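In what follows, residues are counted from 1 in the order of the sequence shown. Nothing here was measured: the structure is a model prediction, and the numbers come from that model.
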Amino acid sequence: MPADRQERLRARWNKHAGSYDRQLARADRRFLADSRAWVCAQATGDVLEVAIGTGLNLPYYPDGVRLTAVEWSADMLAHARDRAAHLGREVDLRQGDAQALDLPDGTFDTVVCTFSLCAIPDDRRAVAEMVRVLRPGGLLLLADHVEGAPWAVRAVQWVVERVSIPVDGEHYRRRPIRHVQAMGLPIERHDRMKLGIIERLAARKPSH
């Protein structure tokens, strides 16, 4: 993606950081169900959250996890920092790019990414980076809105993408599970709901 387009998208996320929680509240109630809790409850040990946004997942992590988080937008990261302070949760918050994580190989027991791969320009590369920083035997936990199951839903998503991708970089027909499977991670748990639009999974990095 050209650098000028990346900066336009970053500016968009910075601009909407203050209203992001309100915008997402209705979607959380109507469509995402318990997906944040489902994902975060499975996190153990040294945990990395990729694209933490404003930190909406922070209340759902178990006590005792050692949490590091990366976010592209400085303004979103500032909101996440405020939320962590309010919750009294210690988090190593860093600005960074999900497509090129500035972290060593095999660092984390768990990697989490929720409702963000839809807007990361190269989702395959981002998933590959998440797998790279996982320790052998580590758990990858993803949840996102994806390509719907009925053809009519997919048709509507295709129409919406004609505007959403060039304007906001938002994709509605991705399936991150395909990248995970192509990288050889066995899927341990998998749910798909709301006409297939919401998908969540837990996959294990092979230990050898």
| request: Working to the nearest 0.5 Å, report the span between CG of L56 and CZ of F115. | output: 10.5 Å

| Is R192 close to L201 at the side-chain level, that is, under 4.5 Å between some pair of heavy atoms? | no

| P62 versus C40, closest heavy-atom pair with distance | CD-O, 3.2 Å

| field | CA sep, side-chain torsions, deciding dist, call: D144, E199, side chain to side chain contact (heavy atoms under 4.5 Å, CB included) | value | CA-CA 6 Å; D144 223 311; E199 187 165 46; over 6 Å; no

| field | Other ILVMFWY residues reachable from W158 by side-chain steps of under 4.5 Å | value | V159

| query | Just by distance, do the side chain of T110 and the backbone of T44 share a donor-acceptor pair under 3.5 Å? | reply | yes

| remark: When rounded to the nearest 0.5 Å, the distance separating CE of M76 from CG of L93 is 12.5 Å

| Donor-acceptor pair, side chain of Q95 and main chain of W72, under 3.5 angstrom | yes

| Are more than 12 heavy atoms from other residues, nucleotides or ligands located less than 6.0 Å from atom NE2 of H86? | no

| Going hydrophobic residue to hydrophobic residue with side-chain gaps under 4.5 angstrom, can you get from V112 over to L67? | yes

| query | Less than 4.5 Å apart, any side-chain heavy atom of D97 and any of L101? | reply | no

| remark: The side-chain hydrogen bond (donor to acceptor under 3.5 Å, both in side chains) partners of D105 (sequence neighbours excluded) come to R132

| Cluster overlap V133 with I120, hydrophobic side-chain contacts below 4.5 Å | yes

| field | Residue pair P176 / V146: nearest heavy atoms and the distance that separates them | value | CD-CG1, 3.8 Å

| task | Starting at CG of L134, measure out to CG of L48 and round the result to the nearest 0.5 Å. | result | 8.5 Å

| query | Considering the options H179, R175, R178, H171, which one meets the side-chain hydrogen bond (donor to acceptor under 3.5 Å, both in side chains) requirement together with D123? | reply | H179

| query | Does L87 share a hydrophobic cluster with Y61, counting links as ILVMFWY side-chain heavy atoms below 4.5 Å and allowing steps through other members? | reply | yes

| said: Can you list everything that forms a side chain to side chain contact (heavy atoms under 4.5 Å, CB included) with R125? Sequence neighbours excluded, please. | reply: Q99, A100, D122

| task | Kindly determine whether C118 and R174 satisfy side chain to side chain contact (heavy atoms under 4.5 Å, CB included), including the steps that lead there. | result | CA-CA 7 Å; C118 50; R174 288 177 166 175; 5.5 Å; no

| said: Determine whether L103 and R94 satisfy the following criterion, side chain to side chain contact (heavy atoms under 4.5 Å, CB included), listing intermediate values before the conclusion. | reply: CA-CA 11 Å; L103 295 162; R94 309 180 182 193; 3.1 Å; yes

| A80 versus L58, closest heavy-atom pair with distance | O-CD1, 3.8 Å

| message | Suppose the criterion is salt bridge (Lys or Arg N to Asp or Glu O under 4.0 Å): which pairs have a residue in residues 42-53, not counting sequence neighbours? | response | D46-R66, D46-R135

| task | Would you sort out whether I187 and R204 count as a side chain to side chain contact (heavy atoms under 4.5 Å, CB included), showing the intermediate values? | result | CA-CA 7 Å; I187 308 297; R204 185 77 59 179; over 6 Å; no

| Can you tell me how far OH of Y60 sits from OG1 of T114, rounded to the nearest 0.5 angstrom? | 10.5 Å

| Are any side-chain N or O atoms of K205 and backbone N or O atoms of L185, one a donor and one an acceptor, separated by less than 3.5 Å? | no

| remark: Distance col, row L141:CG vs S35:OG, nearest 0.5 angstrom, shows 12.0 Å

| said: Checking the side chain of R83 only, and the main-chain atoms of N57 only, is there a donor and an acceptor separated by less than 3.5 Å? | reply: no

| task | Would you sort out whether R189 and D191 count as a salt bridge (charged side-chain N to carboxylate O under 4.0 Å, His left out), showing the intermediate values? | result | CA-CA 7 Å; R189 287 173 292 282; D191 288 325; over 6 Å; no

| note | Correct closest heavy-atom pair for E71 and I52 would be OE1-N, 3.5 Å

| query | Going only through I, L, V, M, F, W and Y residues with side-chain contacts under 4.5 Å, is there a path from V39 to L140? | reply | no

| query | With a 4.5 Å heavy-atom cut-off, do I177 and H190 have their side chains touching? | reply | yes

| With ring centroids as reference points, do Y172 and H145 lie under 6.0 angstrom apart? | yes

| query | Is it true that V70 and V47 fall in one hydrophobic cluster, defined by side-chain heavy atoms closer than 4.5 Å? | reply | no

| request: Could you tell me which residues satisfy side chain to side chain contact (heavy atoms under 4.5 Å, CB included) with C113, sequence neighbours excluded, listed by chain and number? | output: V50, S116, L117, M130, L142

| What closest approach, in Å, do A202 and Q42 show between heavy atoms, and which atom pair accounts for it? | CB-OE1, 3.6 Å

| remark: salt bridge (Lys or Arg N to Asp or Glu O under 4.0 Å) pairs touching residues 157-167, sequence neighbours excluded, are E161-R173

| query | At their closest point, which heavy atom of P206 faces which heavy atom of G184, and how far apart are they? | reply | CG-O, 3.6 Å

| task | Quick one: pull up CD1 in I197 and CD in Q157 and give me the separation to the nearest 0.5 Å. | result | 5.5 Å

